[in-house]
Amino acid sequence: MLDSGSLFWTIFRVSQVIRGGAPPMIGLPARLCQRQARPGTNGADPFYQKEKAMSRKPSRAADPLDMRPDATLLRICAIVGALGVAALIASNIVGSVLVPGHDWVSDTVSDLAAGEFEIIQDVGFYGFAGGLFAIALGLAHMRLSGTRMTVTILSLAVLTGIVIIVGARNEYGDNDNEGVVIHIYLVYALGLLFLAAFAAPIPAFRDLSRNLSRISFLCAILWAIMAPIFFIMPTAYDGAWERALGLVAAFWVAAVSHEIGKCASRES
């Protein structure tokens, strides 16, 4: 049987353990101070060790349910997107200078991708296709939910394939009409899919970055006005008009790449 003093100290000790404290047990009878250590505890207080273990938070790397974007992947997507834009612009400038007799005002970009120096513009097409795929991957990894973002990502994925086909099939600039000519249909698809990619994510971009939302809205308006005019533009000026459309697309891809890079910095 415990006397009143021992009972008081026992109640006091239990209350301290429940609250997480571990006060010195001064004045307690020796038989109350002695605890039988559990195997593997090396004599440590098992109540304190259990509470300490429960208070530990799992690290981010060890959490299998961590759904935050990976900063490294986003940074790679941003860099590849920016390089794709640079490749498109650089190849067009170099090709316009090196190709004999090429007039950038009256001759289209497609004319540069056929003939002896076709590899110059083809590199630009392939690089830009890589940039489109990179920002599609980056936007998907950022997990921006909604049907509109799904439309944007799918449009960019399909555009990647179309740009590659345009560069691989030399059906333009050399008056080659043999076999099945699909270039004009690819151009129609490019026009529609770029408009969808610009317009669809405007509301989602508003939550991410108001500047990016405004840029996307501006590009959608410019594309909707300028793209149909290209098909009725006199051939004396259609080359310059096509390059203006290309700058709209390149500007949008660069802006999205920049925002993906900013997201990577926030997550790192």
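Because only heavy atoms are used, hydrogens play no part in the values below, and waters and symmetry mates are left out as well, while side chains stay in.
Residues L137 and I135 fall into different hydrophobic clusters, defined by Ile, Leu, Val, Met, Phe, Trp and Tyr side chains chained together at heavy-atom separations under 4.5 Å. No path of Ile, Leu, Val, Met, Phe, Trp and Tyr side chains, each step under 4.5 Å between heavy atoms, connects F125 with F133, placing them in separate hydrophobic clusters. Hydrophobic clustering keeps M142 apart from I215 (ILVMFWY residues linked when any side-chain heavy atoms are closer than 4.5 Å, directly or through intermediates). When the side chains of ILVMFWY residues are joined at heavy-atom separations under 4.5 Å, either directly or via intervening members, I89 and F128 end up in a single hydrophobic cluster. Taking hydrophobic clusters as Ile, Leu, Val, Met, Phe, Trp and Tyr residues chained together by side-chain heavy-atom distances below 4.5 Å, L186 does not share a cluster with L192.
Annotation for H258: atom NE2 does not count as buried by contact number, only 12 or fewer foreign heavy atoms lying within 6.0 Å. Annotation for F217: atom CZ does not count as buried by contact number, only 12 or fewer foreign heavy atoms lying within 6.0 Å. Within a 6.0 Å sphere centred on CZ of R210, other residues, nucleotides and ligands contribute 12 heavy atoms or fewer. In the displayed structure, W223 atom CH2 is contacted under 6.0 Å by more than 12 heavy atoms of other residues, nucleotides or ligands.
Taken from CD1 in I165 to OG1 in T160, the straight-line distance is 11.0 Å, to the nearest 0.5 Å. A distance of 11.0 Å separates OG in S155 from CG in L132, rounded to the nearest 0.5 Å. To the nearest 0.5 Å, atom CE of residue M149 and atom CZ of residue R143 are 13.0 Å apart. Once rounded to the nearest 0.5 Å, the distance linking CD1 of I120 with OG of S96 reads 9.5 Å. Distance check, rounded to the nearest 0.5 Å: SG of C219 to CG of L245 gives 11.0 Å. In this structure, CG in L74 is found 11.0 Å from CD1 in I79, a value given to the nearest 0.5 Å.
For the pair R148 and P203, the minimum side-chain heavy-atom distance is below 4.5 Å. In this structure, Q121 and L88 have side chains that are in contact, with non-hydrogen atoms separated by less than 4.5 Å. Residues F198 and V248 meet the side-chain proximity criterion, which asks for heavy atoms closer than 4.5 Å. At least one side-chain heavy atom of L139 sits less than 4.5 Å from a side-chain heavy atom of F205. Residues R243 and V109 meet the side-chain proximity criterion, which asks for heavy atoms closer than 4.5 Å. Residues Y237 and E242 are not in side-chain contact: their nearest non-hydrogen atoms beyond the backbone lie 4.5 Å or more apart. Using a 4.5 Å heavy-atom cutoff, the side chains of W252 and S216 are in contact.
In plain terms, the two heavy atoms of M226 and A244 that are nearest each other are CE-CB, 3.6 Å. Summarising the geometry of A236 relative to V105, their closest heavy-atom pair is O-CG1, 3.5 Å, with the distance given to 0.1 Å. Contact between S257 and A78 at its shortest, heavy atoms only, is O-CB, 3.3 Å. Closest of all the heavy-atom pairs between D122 and G167 is OD1-O, 3.2 Å. Among all heavy-atom pairs drawn from G127 and A87, the shortest one is CA-CB, 4.2 Å. Counting all heavy atoms, side chain and backbone alike, C77 lies closest to I260 at CB-CG2, 4.4 Å.
Other residues sharing the hydrophobic cluster of I76, ordered by chain and number and joined by side-chain separations under 4.5 Å: V80.
Within the structure, no pair that satisfies the side chain to side chain donor-acceptor pair (under 3.5 Å) test touches residues 186-207, not counting sequence neighbours.
Here the side chain of S213 pairs no donor or acceptor atom with the backbone of S209 at under 3.5 angstrom.
Between F230 and W241, the distance from one ring center to the other does not fall under 6.0 angstrom.
Residues meeting the side chain to side chain contact (heavy atoms under 4.5 Å, CB included) test with V187, sequence neighbours left out: H183, F231.
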Margin query: As a quick check of understanding, evaluate side chain to side chain contact (heavy atoms under 4.5 Å, CB included) for D70 and E267, giving each step before the final call.
Written below: CA-CA 7 Å; D70 181 77; E267 292 296 329; over 6 Å; no

Check: Are T108 and T235 close enough, and set up right, to give a side chain to side chain contact (heavy atoms under 4.5 Å, CB included), and what steps lead you there?
Finding: CA-CA 9 Å; T108 64; T235 56; over 6 Å; no

